Amino acid sequence: MMSYIGAQKKIHNTEYIEMSEIAKIELGGKTYELPIIEGTENEKGIDISKLRGATGGYITIDPGFKNTGSTKSAITYLDGENGILRYRGYSIEELAEKASFLEVAYLIIYGELPNEEQFGAFAHSITNHTLVHEDMKQFFEAYPAKAHPMGVLSSMVCSLSTFYPESLNQDRDEEAIDLTIHRLIAKLPTLAAWSYKNSMRHPVVYPKNSLDYCENFLSMMFAMPTSEYQIDQTIVSALNKLLILHADHEQNCSTSTVRLVGSSHANLYASISAGISALWGPLHGGANQAVIEMLEQINNDGGDVDKWVAKAKDKSDPFRLMGFGHRVYKNFDPRATIIKVACDRVLDQMGIDDPLLDIAKKLEKVALEDEYFKSRNLYPNVDFYSGIIYKAIGIPTEMFTVMFSIGRLPGWIAQWKEMRANNEPIGRPRQIYTGSNERDYVSLEKR
Ligand code: SDX
């Protein structure tokens, strides 16, 4: 039940009564008042931080945190009902169209778009930290060729901390944390590309300071010792847009993992490594790989879209329409809308006619006209079309979630930084115990 109480509030030395909200709950004949907090976009939350103490032990339960906020954040605003996504107040539509990924990374991490001097210094620092320690090359060589690159990437990122032991106790040294941030943003594409080269048993290609962030990644992925990578600006522009669209998404599974691990004051490398592992799951970032595998399966099965939509609706069938549905977006995912348009443009400019795109569009059309999907607000999400562009660029399917990691890195970093700057307590949820009551030990021979 929501009710109002008067509250004294002094702003600009003007004394006035402002009605502020409280929530009242009644438990065991007693009434408890809980404060309401309101964000800058009028989102409201009931603050239960004092609930257990005030009520003598009551906690809340919310599997999957579908109704529970873990923090207040100034980084990303998401309106799931209206399909709005903004980084630090800027719409992704504008940023994807007008900005570079490094500019957006700076914005998300430091809170403002950089001026020319700030951007120049940031880009220069990133460019000059792209190399990884030569000793790390032997780590790659120790992995089997079939090693999934997400397992390699998560391990390599955590291993970076062993080459920078000073990063382990950076709690309050802003300059040292900034150096780690720059190292991570600079080295993740190198680690990603080298994991691919290792899987192909090809020699690694070193970063080039003459190339920009996206060009450098493509060169490390596809150049060979005998041939340069021919930079195609259509591909560079598509990659830049995809990375921007993945850059942050408030408190999703992997970001919440990064915040939770970081809340124990674990270093940034370890926290990002944990985020990469969480993103790997097919219900999360791993969905972009699962979407392409699903489209290929439907294509190889003759392209009967209706049959597969029926399977997705059948509760007895484990098949789900990968790339569809979202915890927050109960309307279209604005990123999917932008990526779908980019899909058409990139494939057209590259002269590629990919049957998987046709199947994806048919799937979307059939599903969006179907009551099962409409009644559950299931729409294509960021992962539904992204794999088709990655495939057109030549990125292997198993690397798709690695691409998601490169895009999401600035968001993970910014969220970790914000959590630490706000001195948030170590994350430690409660539970309701449902196991055995106390019982005595029985010796082995008597059981
Ligand atoms: C990402 O959180 C983020 O912001 C994540 C992300 C980011 O940028 O960080 O946006 C990136 O992870 C996007 C999501 C990628 N995952 C997939 O595409 C996998 C397929 N989608 C689903 O598994 C599912 O939709 C989730 C996991 C995305 C969301 O699941 P929820 O919110 O827990 O919803 P649910 O599983 O409880 O589903 C509600 C209903 C259920 O049916 P009923 O029990 O009501 O009968 O919808 C059904 C589900 O069975 N449903 C689907 C479906 N997704 C949900 N049915 C068929 N196909 C699907 N894809």
Side-chain angles (χ1 to χ4, degrees), residues 62-70 73 75-81 83-87 92 96 104 108 150 242-259 275-295 298 305 307-339 360 363-364 366-368 370-388 400-401 403-412 414-415:
D62 185 19
F65 311 114
K66 295 190 176 185
N67 306 281
T68 300
S70 58
S73 177
I75 298 167
T76 291
Y77 174 63
L78 203 49
D79 178 337
E81 280 65 36
I84 293 172
L85 175 56
R86 298 189 200 123
Y87 301 148
I92 53 156
V104 173
I108 288 175
M150 284 296 275
L242 282 168
L243 294 180
I244 288 172
L245 293 171
H246 286 82
D248 191 49
H249 214 239
E250 52 133 285
Q251 305 311 314
N252 57 82
C253 175
S254 54
T255 299
S256 300
T257 301
V258 170
R259 285 182 87 117
I276 293 169
S277 299
L279 187 72
W280 194 356
L283 293 187
H284 190 14
N288 57 16
Q289 172 178 342
V291 166
I292 290 297
E293 288 165 349
M294 170 187 76
L295 295 175
I298 295 172
V305 167
K307 168 186 166 189
W308 290 87
V309 168
K311 283 171 64 68
K313 292 158 57 179
D314 177 357
K315 290 299 174 197
S316 63
D317 189 322
F319 176 76
R320 276 204 161 182
L321 215 47
M322 299 312 279
F324 251 77
H326 198 277
R327 173 64 56 75
V328 176
Y329 289 121
K330 296 309 171 193
N331 200 323
F332 64 97
D333 180 334
R335 301 167 297 176
T337 307
I338 297 170
I339 294 172
L363 265 179
E364 178 183 5
V366 170
L368 296 189
D370 185 293
E371 198 42 43
Y372 173 92
F373 291 87
K374 288 197 298 190
S375 63
R376 292 168 176 80
N377 300 310
L378 301 177
Y379 295 83
N381 60 47
V382 66
D383 294 310
F384 192 62
Y385 287 103
S386 55
I388 292 172
F400 288 2
T401 313
M403 301 310 296
F404 196 143
S405 306
I406 296 173
R408 184 52 53 89
L409 180 61
W412 285 332
Q415 299 274 352

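Source: prediction; values computed, not measured. First listed ligand is number 1; within each ligand, the first listed atom is number 1.
Between Leu242 atom CG and Arg335 atom CZ the span is 11.5 Å, to the nearest 0.5 Å. Rounding to the nearest 0.5 Å places OG of Ser386 at 4.5 Å from NE2 of His246. Rounding to the nearest 0.5 angstrom, the gap separating the CZ atom in Arg376 from the CD atom in Glu371 is 9.0 Å.
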ask   = How far apart are the C-alpha atoms of Met150 and Ile276, what are their side-chain angles, what is the distance that settles it, and do they pass the side chain to side chain contact (heavy atoms under 4.5 Å, CB included) test?
value = CA-CA 7 Å; Met150 284 296 275; Ile276 293 169; 3.6 Å; yes

request  = Report the C-alpha distance between Arg408 and Asn252 in whole Å, list the side-chain angles of each, state the deciding distance to 0.1 Å, and finish with yes or no for side chain to side chain contact (heavy atoms under 4.5 Å, CB included).
outcome  = CA-CA 11 Å; Arg408 184 52 53 89; Asn252 57 82; 3.1 Å; yes

query = Step by step, would you call His326 with Phe332 a side chain to side chain contact (heavy atoms under 4.5 Å, CB included)?
reply = CA-CA 9 Å; His326 198 277; Phe332 64 97; over 6 Å; no

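In terms of protein heavy-atom proximity, atom 16 (N) of ligand 1 is nearest to Leu283 O, 2.9 Å. Considering only non-hydrogen protein atoms, atom 57 (C) of ligand 1 sits nearest to Ala312 O, 3.6 Å. At the top of the distance list for atom 14 (C) of ligand 1, counting protein heavy atoms only, stands Asn381 ND2, 3.5 Å. Ranking protein heavy atoms by distance to atom 47 (O) of ligand 1, first place goes to Arg376 CD, 3.5 Å. Ranking the protein heavy atoms by distance from atom 2 (O) of ligand 1 puts Asn252 CB, 3.4 Å first. Counting only heavy atoms of the protein, atom 34 (O) of ligand 1 lies nearest to Lys66 NZ, 4.3 Å. In this structure, the protein non-hydrogen atom closest to atom 24 (C) of ligand 1 is Arg320 NH1, 3.6 Å. Among all protein heavy atoms, the one lying closest to atom 44 (O) of ligand 1 is Lys315 NZ, 3.9 Å.
An N or O contact shorter than 3.5 Å links Arg408 to ligand 1 by distance. When only interatomic distances are considered, the shortest N/O to N/O separation between Phe324 and ligand 1 falls below 3.5 Å. The shortest N or O to N or O distance between Phe373 and ligand 1 is not below 3.5 Å. An N or O contact shorter than 3.5 Å is missing between Lys330 and ligand 1 by distance. By the 3.5 Å distance cut-off applied to N or O atoms, Met322 is not counted among the residues near ligand 1. Every N/O-N/O distance between Leu378 and ligand 1 stays at or above 3.5 Å.
Residue Gly325 approaches ligand 1 through these ligand atoms, each under 4.0 Å from one of its heavy atoms: 25 (O), 28 (C). Ligand-side atoms of ligand 1 in range of Ala287: 15 (C), 16 (N), 17 (C), 18 (O), range being under 4.0 angstrom from any heavy atom. Proximity to Arg327 (heavy-atom distance under 4.0 Å) selects the following atoms of ligand 1: 29 (C), 31 (P), 32 (O), 33 (O).
Looking only at atom types and distance, the side chain of Tyr385 has a donor-acceptor partner in the side chain of Glu364 under 3.5 Å away. A donor atom on one side chain and an acceptor atom on the other are not found under 3.5 Å apart for Gln415 and Glu250.
When the heavy-atom distances from atom 12 (O) of ligand 1 to His284, His326, His249, His246 are ranked, the shortest goes to His284.
Crowding of Phe65 atom CZ: a count of heavy atoms from other residues, nucleotides or ligands under 6.0 Å not exceeding 12.
Side-chain contact check for His249 versus Leu78: some heavy-atom pair is nearer than 4.5 Å.
Within the 4.0 angstrom cut-off, atom 22 (C) of ligand 1 has one or more protein heavy-atom neighbours. Distance check for atom 26 (C) of ligand 1: every protein heavy atom is found at 4.0 Å or beyond.
Heavy-atom distances between Phe384 and ligand 1 stay at or above 4.0 Å for every pair. The closest approach between any non-hydrogen atom of Asp383 and ligand 1 is below 4.0 Å. In this structure, Arg335 counts as a contact residue of ligand 1, since one of its heavy atoms falls inside 4.0 Å of the ligand. In this structure, Gly323 is part of the shell of residues with a heavy atom less than 4.0 angstrom from ligand 1.
Scanning both residues, Pro380 and Ala336, for their nearest heavy atoms gives O-CB, 3.6 Å.
When the options Leu245, Asp248, Ile92 are evaluated for a side-chain contact (heavy atoms from CB on, under 4.5 Å) with Leu85, the one that passes is Ile92.
The main-chain N or O of Ile244 is found under 3.5 Å from a side-chain atom of Tyr87 such that the two form a donor-acceptor pair.
No close placement of the Tyr329 and Tyr379 rings is indicated, their centers lying 6.0 Å or farther apart.
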